[in-house]
Amino acid sequence: MSLIVQKYGGTSVADLDRIRNVARRVINTKERGDDVVVVVSAMAGETDRLLALAKESAPEPDDREVDVVLATGEQVSSALLSIVLTSMGCKAKSYLGYQIKISTDRAYGKARITSVDADRIFSDLREGLIVVVAGFQGEDEEGNITTLGRGGSDTTAVAIAAALKADICEIFTDVDGVYTTDPNICDGVKKISRISYDEMLEMASMGAKVLQIRSVELAKKAGVPIHVRSSFHENEGTIVCEEDTEMEKALVSGVTYDIGQARVEIAKVPDRPGIAARFFEAISAANIVVDMIIQTSSLEEGYANMAFTISKADFPKALKIAHSLAKELEAQDVIAEQEVAKVSMVGVGMRSHSGVASKMFRALAREGINIKMISTSEIKISCIIDAKYTELAVRSLHEAFDLGKGS
Ligand code: ADP
Ligand code: ASP
Ligand code: MG
């Protein structure tokens, strides 16, 4: 007998028929003799709808209240699944985040889970119940409702799996597993049967939204194996686990893209010590996470240009700060771009091989795609390009590195 945490994403619970399909799968698992805890996302499109509603209510809605609104999406789907399970003869009980003490910090909209109380879940499991948990939400120290950022139900599932010391965390979604790139924008993609936490972490960080970044961080820390698979059939998906000798040692395992980024440049800041510190202190005080930073200075003119990327959600705040600091620091201009994308190549093989960067730049150049920023780490290379070339870039890179089925 195993203890399994299963998470079903928005498309898997999009309507009552799909919720019934999920219920059947959960019951099959239970009938095999395993204990099951289920985590659900909101029904497809619901979180977007709620977010739009909050933004329509006021131009800058209060972050605390937005989280209260957003958390209702998962409240509905978790209770519906529990009702359907019970109607199919399987006793179930749904819980919101705070009811099973999913504690978080207070970063509304991107809160981090600090602890999960497993006692209540264990006591229900002992009574033979199926426990259904609303994903994506928690509660801070003062009892405020928080949400975990887009895709956060993955993290709820892994956090619960870690707290319960579950045997596996299964992430059911609308694709068959983790592929060499997003199967929805590129043909001939290949499913990766096993991938290391580190590689998956880079792919998620670089935009492969099939798993939320924090879920992979947490799984690595707690040693929880993840199985990413389809909720529509029984095929094996992708196992995310510690790097082992059975894993394919591909030079590059995947191409990712992220269209959720924006770029801000402060042009011609007088080049003196402390400028970058002053600027990024203000950005970090506003709880904004900066991704890439490029500073260039011109020795003759005594100016520096500072460009950085952030998520689109943080763009209005970052731009406000950039304008006010540009004034204070006597910079000449602020240039802002929202129509940018980040494309990345990820692979542990890059640790020991050179030439990936040049091949990547050549492939983009062949398509006439201009690179605006570049950043590298041990196992990835990323380029910021014009958003309109995203799909073209992904397909060209996938082909240039022979990542497809035939390879
Ligand atoms: P869910 O609602 O089930 O959480 P998501 O939409 O969050 O599903 O994540 C699944 C989607 O991730 C897929 O439909 C696919 O478009 C996208 N995706 C991006 N990169 C990859 C990749 N490398 N492999 C698989 N899916 C990917
Ligand atoms: N419903 C949330 C979202 O759409 C969380 C999730 O689906 O994981 O981002
Ligand atoms: Mg998701």
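Indexing begins at 1, ligand by ligand and atom by atom, following the structure's order. Heavy atoms only: backbone and side chains are in, while hydrogens, waters and symmetry mates are out.
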Checklist line | N or O pair under 3.5 Å between T47 and ligand 2 | finding: yes

>> Is there a polar contact, in the sense of an N or O pair closer than 3.5 Å, between G151 and ligand 2?
In response: yes

Under 4.0 Å from one or more heavy atoms of G152, ligand 2 contributes atoms 5 (C), 6 (C), 8 (O)

One finds that the ligand 2 atoms under 4.0 Å from a non-hydrogen atom of R150 are 3 (C), 4 (O), 9 (O)

Heavy-atom contact under 4.0 Å between G10 and ligand 2?
-> no

- Message: Heavy-atom contact check, 4.0 Å cutoff: does E74 meet ligand 2?
- Response: yes

Paired with D140, the salt bridge (Lys or Arg N to Asp or Glu O under 4.0 Å) test is passed by just one of R112, R106, R64, namely R106

List ligand 1's nitrogen or oxygen atoms that come under 3.5 Å of a protein nitrogen or oxygen, with the partner atom and distance.
from: ligand 1; atom 1: 2 (O); to: G10; atom 2: N; distance (Å): 3.2
from: ligand 1; atom 1: 3 (O); to: T173; atom 2: OG1; distance (Å): 2.7
from: ligand 1; atom 1: 4 (O); to: K7; atom 2: NZ; distance (Å): 3.0
from: ligand 1; atom 1: 6 (O); to: K209; atom 2: NZ; distance (Å): 3.1
from: ligand 1; atom 1: 8 (O); to: T173; atom 2: OG1; distance (Å): 3.2
from: ligand 1; atom 1: 14 (O); to: D174; atom 2: OD1; distance (Å): 2.9
from: ligand 1; atom 1: 14 (O); to: D174; atom 2: OD2; distance (Å): 3.4
from: ligand 1; atom 1: 14 (O); to: N184; atom 2: ND2; distance (Å): 3.1
from: ligand 1; atom 1: 16 (O); to: D182; atom 2: OD1; distance (Å): 2.8
from: ligand 1; atom 1: 16 (O); to: D182; atom 2: OD2; distance (Å): 3.2
from: ligand 1; atom 1: 16 (O); to: N184; atom 2: ND2; distance (Å): 2.8
from: ligand 1; atom 1: 23 (N); to: Y179; atom 2: O; distance (Å): 3.0
from: ligand 1; atom 1: 24 (N); to: Y179; atom 2: N; distance (Å): 3.0

Residue pairs passing the ring-ring contact (aromatic ring centres under 6.0 Å, His included) test with at least one member in residues 147-197, sequence neighbours excluded, are Y8-F172

ask   = Near R351 CZ, under 6.0 Å, is it more than 12 heavy atoms from other residues, nucleotides or ligands?
value = yes

closest protein heavy atom to atom 7 (O) of ligand 2 is S41 OG, 3.0 Å

Is D67 reaching over with its side chain to a backbone N or O of G109, donor-acceptor style, under 3.5 angstrom? yes

Is there side-chain contact between M306 and I275, with heavy atoms separated by less than 4.5 Å? yes

Note: heavy atom closest to atom 6 (C) of ligand 2, options G149, S153, S77, A42, belongs to S153

When D187, T181, D182, T180 are each screened for side-chain hydrogen bond (donor to acceptor under 3.5 Å, both in side chains) with H398, the one that passes is T180

The single option from N144, T146, T147 that satisfies side-chain hydrogen bond (donor to acceptor under 3.5 Å, both in side chains) with T104 is T146

Is it the case that S12 and S231 place a side-chain donor and acceptor less than 3.5 Å from each other? yes

Taken in chain and number order and not counting sequence neighbours, the residues that satisfy side chain to side chain contact (heavy atoms under 4.5 Å, CB included) with K359 are F401

Identify each donor-acceptor pair in which a side-chain atom of residues 205-216 lies under 3.5 Å from a protein atom, sequence neighbours left out, and give them as a table.
from: S205; atom 1: OG; to: L201; atom 2: O; distance (Å): 2.5
from: Q212; atom 1: OE1; to: T155; atom 2: OG1; distance (Å): 2.3
from: Q212; atom 1: NE2; to: L148; atom 2: O; distance (Å): 3.0
from: Q212; atom 1: NE2; to: G149; atom 2: O; distance (Å): 3.4
from: Q212; atom 1: NE2; to: R150; atom 2: O; distance (Å): 3.1
from: R214; atom 1: NH1; to: K110; atom 2: O; distance (Å): 2.9
from: R214; atom 1: NH1; to: A111; atom 2: O; distance (Å): 3.0
from: R214; atom 1: NH2; to: K110; atom 2: O; distance (Å): 3.4
from: S215; atom 1: OG; to: Q212; atom 2: O; distance (Å): 2.6

